[in-house]
Amino acid sequence: MGRVVFHIDVNSAYLSWESAWRLQHGETVDLREQIAVVGGDEEKRHGIVLAKSIPAKRLGVKTGETLMEARRKAPGLIVVPPHYDLYMTCSGAMRDILAEYSPAVQQFSIDEMFLEYTGIERLYGPPLEAAHNLRERIKEELGFTVNIGVAENKLLAKMASEFQKPDRVHTLWEREIPHKMWRLPVGELFMVGIRTEIKLRRRGVETIGQLAAMEPDTLKSWFGKYGTMLWQYANGRECSEVGAWTPVKGIGNSATISFDVVDPDEAERILLALSETVALRLRAHGSCARLVSVHGRTHDFRGFQRQHMFHPPTDHTGEIHRRTVRLLHEVWEGQPLRHMGVRVSELVSNDFWQCSLFESERERERALDRAVDSVRSKYGPGALFRSCFLHTGIAPLMGGVSGEDDYPMMKSLL
DNA sequence: TCTGGGGTCCTAGGACCC
DNA sequence: TCTGGGGTCCTAGGACCC
């Protein structure tokens with residue numbers, strides 16, 4: 001018997017979790033059976049669909065589209081706000097169940113996990129039997145349904161879990177590729193996004209099968225390295241391990257502001273709030289960054305980005321903030337900003353160079369960062385914040401999706 | 001009219017060095 | 001003095017995933 005991998009995918013994750021929680025707390029209506037979505041707050045300009053029910057999907061509602069668009073397709077649409085902390089809890093509970101079955105479980109996202117089933121048959125039976133057992137257990141114990149894809153590698157398992165939904169187990173063994181995968185539209189292949197789909201279709205490639213039958217060199221000439229990968233995926237070839245550990249490459253936080261930012265002082269304050277969050281996470285990770293970048297989106301949805309290399313690397317809030325301010329001013333010509341972000345990457349371990357730096361001013365600032373971190377970890381992130389945020393309407397730590405419940409926005413006096 | 005937040009990887013071009 | 005190739009570093013931008 002060869003390799004067996006499961007891909008477990010929570011059906012309509014945010015909406016299912018929201019619904020399961022509500023049913024457990026006395027609600028009688030199951031959102032999954034309604035024309036409903038989980039969506040962001042339109043007043044904060046977060047008004048997109050994060051998850052949709054199957055009845056909403058039937059009306060053409062898509063993840064990522066605006067709530068306006070969704071309502072036009074589905075009049076009377078029920079929109080409920082997200083609760084990210086709940087979703088983390090649900091995700092963790094599912095991971096705990098999976099861990100009982102296999103030592104190799106890989107979290108791919110909050111609602112998708114891979115499980116290596118190779119060599120586990122003598123404990124939990126043939127793959128299909130085990131997959132159904134797992135699917136039932138999650139439904140019984142946690143109250144939400146999953147699709148499970150069963151195959152010889154991660155790519156095929158993931159493709160299999162996308163077949164008919166919800167609450168299903170599908171296989172996509174190599175011998176099943178021609179009739180189960182090759183007839184699908186090329187855009188359904190993992191890693192074929194909208195841009196690549198358009199390019200492929202323009203060149204007459206409509207299905208995954210047609211992609212698989214192409215000359216790999218032709219694809220390479222069209223898309224470079226990426227083309228070679230696509231050809232392999234179309235042919236079901238992929239051999240990465242479940243749970244292969246990948247180090248964190250970068251840490252970033254960004255936020256869409258509920259109003260357009262035109263005041264430079266305000267922009268700098270937002271950069272400080274973002275830098276605080278990024279630097280806090282960077283230090284918690286035990287790293288220093290060589291690269292910092294600022295990115296943004298203007299009111300007309302044009303994006304920009306600018307970056308800078310540090311030598312030596314840093315994990316210092318003030319240094320990161322000061323640099324992001326400079327970078328912003330190098331590119332920003334005063335267009336109203338709707339979105340801003342700070343990101344660090346090229347991470348190195350911070351214990352390696354820490355001792356080599358003895359510039360006293362810097363050392364003092366570092367010590368201050370550490371002290372602030374320790375107060376925040378002890379009493380909560382909102383325990384301490386810079387007074388420049390008082391009365392500004394700007395949260396002192398910005399970015400992230402679960403933060404807003406923990407440290408509420410200051411009320412603006414304006 | 002309206003469009004989130006968090007990531008990864010690849011490419012292309014310019015500067016600089018040997 | 002003029003010319004070319006290859007390697008590295010850096011920056012901007014684009015593509016993909018959830």
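The figures that follow rest on heavy atoms only: side chains count, while hydrogens, waters and symmetry mates do not. First the proteins, then the strands, lettered A, B, ... as listed; each starts at 1.
Within the 4.0 Å cut-off from OP1 or OP2 of dC2(B), not a single side-chain nitrogen or oxygen of Arg72(A) is found. Remark: Arg338(A) is not in phosphate contact with dC2(B), judged by side-chain N or O atoms under 4.0 Å from OP1 or OP2. Contact check, Asn253(A) against dG6(B): a side-chain N or O comes under 4.0 Å of OP1 or OP2.
Rounded to whole Å, atom P of dG6(B) lies 8 Å from atom NE2 of His339(A).
Under 3.5 Å, the side chains of Arg322(A) and Ser275(A) contain no donor-acceptor pair of N or O atoms.
Interatomic distance, CG of Leu230(A) versus CG of Leu200(A), reported as 7.0 Å (0.5 Å rounding). Distance check: Phe108(A) CZ to Lys158(A) NZ gives 5.5 Å after rounding to the nearest 0.5 Å.
Here Thr196(A) lies in heavy-atom contact (under 4.0 Å) with sugar-phosphate atoms only. No engagement by Arg71(A) is indicated, since no non-hydrogen atom pair under 4.0 Å with the nucleic acid exists.
Salt bridge status for Arg269(A) with Asp263(A): absent, with no side-chain N to carboxylate O gap under 4.0 Å. Residues Glu215(A) and Lys220(A) are not paired through a salt bridge, judged by the lack of any N-O separation under 4.0 Å between the basic side chain and the carboxylate. With salt bridges taken as basic N to acidic carboxylate O contacts below 4.0 Å, none links Glu238(A) and Lys154(A).
Nearer the 5' end of DNA chain B, as judged by each residue's closest nucleotide, is the contact made by Phe301(A), out of Pro247(A) and Phe301(A). When each of Ile257(A) and Gly250(A) is assigned the nucleotide of DNA chain B bearing its nearest heavy atom, the one mapping closer to the 5' terminus is Ile257(A).
Taken residue by residue, residues 198-210 of chain A places no heavy atom nearer than 4.0 Å to DNA chain C.
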| note | Parsed dot-bracket for DNA chain C after applying the Watson-Crick and G-U rules with both distances under 3.5 Å and | for other-strand partners is ....||||||||||||||
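Within a 6.0 Å sphere centred on CD of Glu136(A), other residues, nucleotides and ligands contribute more than 12 heavy atoms.
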